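Structure record follows, encoded as structure tokens.
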Amino acid sequence: MSSKQLSQADVVLIGSGIMSANLGALLKSLDPKLSIQLFEVTDEFAKEASNGWNNAGTGHAGICELSYTPDQAKDGSVDVSNAIKIFEQFEFSRQFWAYAVEKGMIANPRDCINPVAHMSFVHGDQQVEFLRQRHKGMANHHFFESMTYSTDRGEIGSWAPLLLDERDPDVPIAATRVEEGTDVNFGAIALSLVEWLSEQENCSALTGHKVVGLEKTERGWDVLVENLATEELTVTSAKFVFVGAGGGSLQLLQNAGIPQAQGLGGFPIGGQWLICKNPEVIAKHQAKVYGQALEAAPTMAVPHLDTRILDGEKSLLFGPFASWTTKFLHGKGSFLDLPSTVKPHNLATLLKVGVSNLPLVKYLVQQGTQSMQDRLDVLHVFYPGAKAEDWKLIDAGIRVQAIKKEDGEAGIVHYGTEVITSDDKSISALLGASPGASVSVHIVLEVIKKCLPEMLESEEGKRKIEEMIPNFNEDLKDASKADRYRELAQSAIQRLGLDYQSF
């Protein structure tokens, strides 16, 4: 390897997925004088978890995801507060992406976000009653006032014909539907924002560059980077580092050696989809349909039958199915990733998590050994008339579930998003999985508030953030804000070109 060369940047972003892309675009919009350097290990931007084929693409807004409202109280009611929270957080993303379209940061919104109805679908008396109570709780809030509930087979069939194809007429069914749902290509959004960022003054974004070291300095951090094509080593001195490297974040966080990384571990879960090959079947379905989670399945594995718009074409996917892997990254990962992160400080936690989460271990073993027919049997719960010859199995992305020790607990597996920040706020790293992409703007805004608060506290910063995200300082959940929410939502829909009537 050649000798090291030194450069400087205000901010270094590691990884080019939706988190780094949103953070970089927000920071540069807030302060055009900032110098920002982004490093991506793969040969293309946003090819790991953010890539359209590696996630569900659901604009997660609490509309259809039954895992956000999992339990009924003794009186039968369903607590919908978490769905309301997620909905508001998604609105941050929708408003910022609408701003990005308006300002030319995203050239063609149809490459990134499209109108697709969101549905929840259940069967059997108990689940039907659960969904009825869930709808009752949600429809009372202005976020969900357009949600429709039905047990009528004809109406449900008009929403999603495949759900009724060869279905047993004696088993009760129910569904909810919100027309104003979205299918999001997070990879396309990230690519657009990273390309825009790279064109700005004092900014650069490089593929094929691997961060191999992080050393604390008085200024912030020295980031040691290897050019994978030339094996050249360079060092970038940064005031602030954001590690948005997906599955690779844990290793980099451990490399940084901050106390907050002590006891942290990661557990990778691979994903797979069944993808439809029959254009006639694809044409019949126009919705994202979510069901109840399989027993012991993590929330990221809740089954759903999805309309997707990928690479300019309509597709139909079902899944996801889990697979066993020790890689942390789909493309540039190594089978040594998992063992390399097992350290003396997290070994006990990892072992205790394995023992205390035996149902999850059993689920992963079952998933990894199932046949194509086993997967089709799960598909038949949603689409009873599905034929084996119309479907094929493809690999999807890898999610690394964060594992940490908490007071009084043997170890906790986190299925959501975990943001780790050093005491001096000079480095922040994102760990975890779904539904982070959908609420990514809210997440990175929290990073800015914690690590770079001065950017939002100046009068100019306040003006700019409210221009980008009009609801930044508003509580849209409050009943008094119902009209304001409708106004902002309609504005975002128009700027994003989400024509629900014609799609």
Side-chain angles (χ1 to χ4, degrees), residues 5-51 96-97 100 105-107 112 186-214 219-230 232-249 251-253 255-256 329 331-332 419 426-431 436-437 440-441 443-445 447-448 451-452 455:
Q5 302 174 9
L6 180 66
S7 62
Q8 288 193 349
D10 293 317
V11 175
V12 164
L13 305 173
I14 304 175
S16 63
I18 193 67
M19 295 294 177
S20 292
N22 279 320
L23 180 58
L26 279 164
L27 290 175
K28 191 63 177 178
S29 298
L30 285 166
D31 184 359
K33 299 188 297 296
L34 275 183
S35 57
I36 301 176
Q37 176 66 65
L38 183 149
F39 298 109
E40 168 57 49
V41 66
T42 66
D43 296 331
E44 297 179 66
F45 296 124
K47 277 299 182 183
E48 282 288 338
S50 295
N51 178 266
F96 178 62
W97 297 336
M105 301 160 75
I106 295 175
C112 303
F186 299 107
I189 292 177
L191 177 61
S192 293
L193 294 179
V194 168
E195 289 181 341
W196 172 84
L197 182 65
S198 69
E199 294 167 357
Q200 306 309 300
E201 186 176 2
N202 297 322
C203 294
S204 177
L206 300 172
T207 59
H209 282 67
K210 182 178 182 179
V211 175
V212 294
L214 289 163
R219 184 173 188 264
W221 292 88
D222 277 351
V223 183
L224 180 62
V225 183
E226 179 186 356
N227 182 327
L228 297 180
T230 65
E232 178 185 22
L233 286 176
T234 58
V235 175
T236 300
S237 171
K239 296 178 182 177
F240 174 70
V241 174
F242 177 72
V243 186
S249 291
Q251 293 155 305
L252 290 167
L253 198 57
N255 184 282
L329 292 171
K332 289 292 183 177
V419 179
S426 65
I427 186 170
S428 194
L430 186 131
L431 304 171
S440 53
V441 172
I443 291 170
V444 297
L445 279 171
V447 171
I448 296 174
C451 301
L452 303 162
M455 301 194 70

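All values reported here derive from a predicted model rather than from experimental measurement.
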Which residues share a side chain to side chain donor-acceptor pair (under 3.5 Å) with [X], sequence neighbours left out:
X	value
Ser35	Asp10
Ser192	none
Ser20	none
Thr42	Glu40

Can you check whether [X] reaches [Y] side chain to side chain, under 4.5 Å on heavy atoms?
X	Y	result
Gln37	Ser7	no
Leu224	Leu214	no
Trp196	Ile106	no
Phe242	Leu430	yes
Leu233	Val235	no
Thr236	Asp222	no
Leu253	Leu431	yes
Trp221	Ile427	yes

Who passes side chain to side chain contact (heavy atoms under 4.5 Å, CB included) against [X], sequence neighbours left out?
X	result
Asn22	Ile18, Phe96, Trp97, Leu193, Ser440, Val441, Val444
Asn227	His209, Ala229, Thr230, Glu232
Ala205	Leu38, Phe45, Val194, Ser198
Leu27	Val11, Leu23, Leu34, Ile36, Ile448, Leu452, Met455

* Sequence neighbours excluded, every pair satisfying salt bridge (charged side-chain N to carboxylate O under 4.0 Å, His left out) that has a member inside residues 22-34 ->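 For residues 22-34: Asp31-Lys33.
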
* Asked: Applying salt bridge (charged side-chain N to carboxylate O under 4.0 Å, His left out), which residue pairs with at least one partner in residues 17-26 are found, sequence neighbours left out?
  ->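 Applying salt bridge (charged side-chain N to carboxylate O under 4.0 Å, His left out) to every pair that reaches into residues 17-26, excluding sequence neighbours, yields nothing.
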
* Please confirm whether the backbone N or O of Ala46 pairs with a side-chain atom of Ser16, one donor and one acceptor, at under 3.5 Å? =>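 Here the side-chain-to-backbone pair exists.
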
* Step by step, work out the side chain to side chain contact (heavy atoms under 4.5 Å, CB included) result for Asn255 and Val212. => CA-CA 8 Å; Asn255 184 282; Val212 294; over 6 Å; no

* What distance do Phe186 atom CZ and Met19 atom CE have between them, rounded to the nearest 0.5 Å? ->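 Here the interatomic distance stands at 9.0 Å.
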
* To do: Apply the test side chain to side chain contact (heavy atoms under 4.5 Å, CB included) to residues Ile14 and Val12: give CA-CA distance (whole Å), side-chain angles for both, the deciding distance (0.1 Å), then the verdict.
  => CA-CA 6 Å; Ile14 304 175; Val12 164; 4.1 Å; yes

